[in-house]
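Proteins come first, then strands; the chains are lettered A, B, ... in the order of their sequence lines, and each starts at number 1.
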There are 2 protein chains.
Amino acid sequence: MLEEPTDVVRRFNRTYTQRIGALDESFLGTGRPLGPSRLLFEIGESGATVRELRDRMGLDSGYLSRLLRGLEGDGLVEVRPDLTDARRRRVTLTRRGRTAWRRLDDRSEDLARTLVAPLSDRQRARLVDALATADLLVRAATVRLEDLPPTDARAVEAMAAYFAEIGRRFGFEPGDAWRVDAESMTAPDGFFVVATSDGEPVACGGVQRLPDGSAQIKRMWVHDGWRGAGLGARLLRHLEDRAREHGYAVVRLDTNDTLTEAIAMYERAGYRAIARYNDNPWARCWFEKDL
Amino acid sequence: MLEEPTDVVRRFNRTYTQRIGALDESFLGTGRPLGPSRLLFEIGESGATVRELRDRMGLDSGYLSRLLRGLEGDGLVEVRPDLTDARRRRVTLTRRGRTAWRRLDDRSEDLARTLVAPLSDRQRARLVDALATADLLVRAATVRLEDLPPTDARAVEAMAAYFAEIGRRFGFEPGDAWRVDAESMTAPDGFFVVATSDGEPVACGGVQRLPDGSAQIKRMWVHDGWRGAGLGARLLRHLEDRAREHGYAVVRLDTNDTLTEAIAMYERAGYRAIARYNDNPWARCWFEKDL
DNA sequence: AGCATTCTCTGACCTTAGTCAGAGAACCTG
DNA sequence: CAGGTTCTCTGACTAAGGTCAGAGAATGCT
């Protein structure tokens with residue numbers, strides 16, 4: 001009996017919502033109804049602006065405002081104008097609020113303990129391993145790939161992370177790469193893609209036109225914590241698809257021979273090594289693939 | 001950096017509720033509010049009694065009744081007295097109800113597909129594996145161990161499953177074992193424990209008093225689909241704890257030498273082989289442990 | 001400076017989800 | 001067949017969660 005992936009996902013979904021979702025609610029509902037509790041927990045020990053809370057929790061602004069008045073009335077939070085922009089308001093926990101927050105945190109910890117406590121050490125290790133894997137893959141599967149101009153804040157953040165990393169590894173200095181990339185990786189001949197999770201960039205990559213009319217993939221980067229989730233391969237596939245849509249028939253890229261994992265990935269994806277096609281001083285390997 | 005099990009559980013919890021829980025609700029909420037949708041889905045293509053629904057979903061009887069009137073009003077279900085007991089009522093889907101049910105099922109399938117679609121084959125296989133493991137272990141961790149009189153319906157069901165299994169394997173015939181067990185495995189000298197998951201018995205075991213004043217564990221059984229989740233070891237520990245509470249200092253048990261996994265479990269739990277202490281014709285090994 | 005936009009808040013309103021007490025029919029037990 | 005129990009239902013009620021329109025202050029843009 002071979003089980004379909006979707007069957008497994010659905011079965012787990014069911015088990016999970018019934019066993020943990022239900023527990024979760026009963027644990028969080030401590031005197032206060034669920035809404036205010038969740039909000040209090042989300043505000044967290046370092047505080048947040050109303051705007052952020054609205055985005056993160058997806059609440060109506062009127063509803064959120066009312067919830068905040070409630071917490072304020074209980075003396076758990078303080079709301080005051082943001083210093084840099086007085087339209088926004090910052091929410092912070094009071095002393096009592098921090099106590100309440102810690103109680104919620106304890107409950108959440110208790111819930112987790114309730115779940116692992118009945119298991120033997122071996123079973124517990126297996127569960128932890130399975131959940132960590134599932135966590136990574138679920139997050140990877142729900143990453144959003146988005147075309148962004150290289151000048152967009154998230155694109156800049158991603159590219160900065162990329163430059164920082166190759167700076168650390170090879171002493172690379174971006175110089176005027178910022179400006180050059182911004183020009184070459186925009187329409188009509190190029191584009192830039194950022195993968196975001198919870199609004200944070202976790203991977204990126206761009207395509208630009210080479211003089212001979214083929215496409216070149218550049219600035220490909222995957223966040224440290226996201227290695228091993230197939231995100232690189234997925235991004236690569238996405239870039240190829242987008243390049244094909246742009247009318248390219250051949251895609252090339254260069255890389256450094258110390259990046260063995262990246263090279264393995266390119267080879268798995270059907271790239272073959274070719275002779276040097278550019279004068280990039282940092283590159284040691286050159287690859288090509290027909291789209 | 002060694003991560004605590006509870007941290008992993010909590011992180012996964014967060015990822016899951018944010019990414020899938022939210023999706024789940026938006027997928028199910030198709031015109032109808034969530035409550036009626038869930039109920040419709042739970043009734044299923046084969047129908048159910050009102051009682052079953054109440055137990056499975058943990059709803060107030062008044063509330064459930066009202067939800068059913070709503071579905072009835074939309075022409076999705078029919079409610080009629082149960083044939084064997086006219087106090088109960090059976091709910092079945094109408095033609096339209098089946099259509100609506102199938103739409104819900106499709107949505108749920110779509111959701112699962114959305115989740116696995118972006119992954120590569122290898123990643124998908126890893127996710128399926130991780131979720132299947134997590135499913136088994138989460139279910140195992142949330143099993144309920146309950147003292148029940150051997151005559152209770154669930155106890156009888158569990159013991160019947162046990163007899164059926166050893167009947168298949170060894171040709172064992174219960175005979176008057178039912179009556180004998182029911183007497184010996186009740187207070188004050190004995191007891192019977194049933195592990196239930198969603199109200200279904202998934203494991204059982206009993207303790208009775210031996211002539212020499214030690215305790216004997218009998219009728220230990222774990223459901224096929226639950227092997228490998230550490231449930232047997234947990235049940236064994238539970239039986240020992242309860243026996244200790246009853247004042248026993250020594251516990252014994254017999255088994256058949258073909259049940260190698262059971263024997264391995266007993267040895268891991270600290271049991272040592274002893275000489276034959278009873279005249280059970282089916283037994284080939286005898287074990288003992290000091291409490 | 002004037003105008004559009006952003007951000008938060010309030011008031012009015014609605015749906016969903018759920019609780020509780022008690023009634024009435026069917027069943028079980030002695 | 002009397003009395004207690006089980007099962008479902010109705011009516012009355014409440015809390016929780018959420019939507020919508022518009023007001024008012026602060027800011028950005030030209």
Side-chain angles (χ1 to χ4, degrees), chain A residues 17-18 21-22 24-43 47-74 77-92 153, chain B residues 17 21-22 24-26 28-43 47-74 77-92 151-154 199:
Chain A
T17 46
Q18 276 182 2
D24 200 27
E25 301 196 354
S26 74
F27 265 74
L28 269 178
T30 167
R32 235 176 307 287
L34 224 66
S37 281
R38 272 202 234 281
L39 176 57
L40 186 66
F41 197 69
E42 192 70 32
I43 291 167
T49 67
V50 175
R51 190 81 244 259
E52 285 166 5
L53 292 172
R54 197 135 53 82
D55 289 346
R56 287 215 296 259
M57 305 186 68
L59 298 176
D60 174 82
S61 74
Y63 182 37
L64 174 55
S65 186
R66 218 175 310 278
L67 287 174
L68 285 173
R69 291 299 82 69
L71 292 178
E72 223 173 14
D74 294 346
V77 304
E78 274 177 349
V79 183
R80 58 185 70 209
D82 190 279
L83 293 172
T84 63
D85 181 344
R87 286 172 305 183
R88 300 168 192 253
R89 307 189 69 198
R90 270 201 82 75
V91 191
T92 50
Chain B
T17 45
D24 199 29
E25 300 198 353
S26 73
L28 269 178
T30 167
R32 234 175 307 288
L34 225 65
S37 280
R38 274 202 233 280
L39 177 57
L40 186 66
F41 196 70
E42 192 70 31
I43 292 168
T49 67
V50 174
R51 189 83 244 258
E52 284 166 6
L53 292 172
R54 199 136 53 82
D55 288 346
R56 287 215 296 260
M57 306 185 67
L59 298 176
D60 174 82
S61 75
Y63 182 38
L64 174 55
S65 185
R66 217 176 309 279
L67 286 174
L68 285 172
R69 290 299 83 69
L71 292 178
E72 223 173 13
D74 293 347
V77 304
E78 274 178 349
V79 183
R80 58 184 70 209
D82 190 279
L83 293 173
T84 63
D85 182 346
R87 286 172 305 182
R88 300 167 193 253
R89 307 189 70 197
R90 271 201 81 75
V91 191
T92 50
T151 50
D152 179 281
R154 275 163 302 172

If I compare all heavy atoms of A86(A) with all of P81(A), which pair ends up nearest, and what's the gap? O-CB, 4.3 Å
Produce the list of close N/O pairs, under 3.5 Å, pairing protein atoms with atoms of nucleotides 25-30 of chain C; give distances to one decimal.
{"residue": "dC27(C)", "atom": "OP1", "partner": "A86(B)", "partner atom": "N", "Å": "2.8"}

Please list, in 5' to 3' order, the outermost nucleotides of DNA chain D lying under 4.0 Å from any heavy atom of chain A. dA16(D) to dT27(D)
D74(A): which residues meet the side-chain hydrogen bond (donor to acceptor under 3.5 Å, both in side chains) condition with it, sequence neighbours left out? none
Return the set of residues passing salt bridge (charged side-chain N to carboxylate O under 4.0 Å, His left out) with R90(A) (not counting sequence neighbours), or none when no residue passes. none
Please give the angle, rounded to 10 degrees, between the axes at the start and the end of the helix from dA1(C)-dT30(D) to dG30(C)-dC1(D), where five pairs define each axis. 30°
Residues within residues 65-72 of chain A bordering DNA chain D, heavy-atom distance below 4.0 Å: R66(A)
Taking side chain as C-beta onward, heavy atoms only, is L39(B) less than 4.5 Å from L64(B)? yes
Enumerate the residue pairs fulfilling salt bridge (charged side-chain N to carboxylate O under 4.0 Å, His left out) with a member in residues 59-69 of chain A, sequence neighbours excluded, ordered by first and then second residue. R69(A)-E72(A)
Starting from P on dG18(C), measure out to CG on L39(B) and report it in whole angstrom. 12 Å
I need the residues from residues 52-60 of chain B with at least one non-hydrogen atom less than 4.0 Å from DNA chain D; give them sorted by number, or say none. R54(B)
Could you state the interatomic distance from OG1 (T84(B)) to CZ (R87(B)), rounded to the nearest 0.5 Å? 9.5 Å
Between L71(B) and I43(B), is the side chain to side chain contact (heavy atoms under 4.5 Å, CB included) condition met? List the steps. CA-CA 11 Å; L71(B) 292 178; I43(B) 292 168; 4.2 Å; yes
Of all the heavy-atom pairs spanning P36(B) and P33(B), show the shortest one and how long it is. CD-O, 3.4 Å
Ring pair (Phe, Tyr, Trp, His ring centres under 6.0 Å) partners for F41(B), two or more places apart: W101(B)
Distance col, row L40(A):CG vs L68(A):CG, nearest 0.5 angstrom, shows 10.5 Å
Quiz: residues 52-59 of chain A side-chain donor-acceptor pairs under 3.5 angstrom, not counting sequence neighbours:
{"residue": "E52(A)", "atom": "OE1", "partner": "T49(A)", "partner atom": "N", "Å": "3.3"}
{"residue": "R56(A)", "atom": "NE", "partner": "E42(A)", "partner atom": "OE2", "Å": "2.7"}
{"residue": "R56(A)", "atom": "NH2", "partner": "E42(A)", "partner atom": "O", "Å": "3.1"}

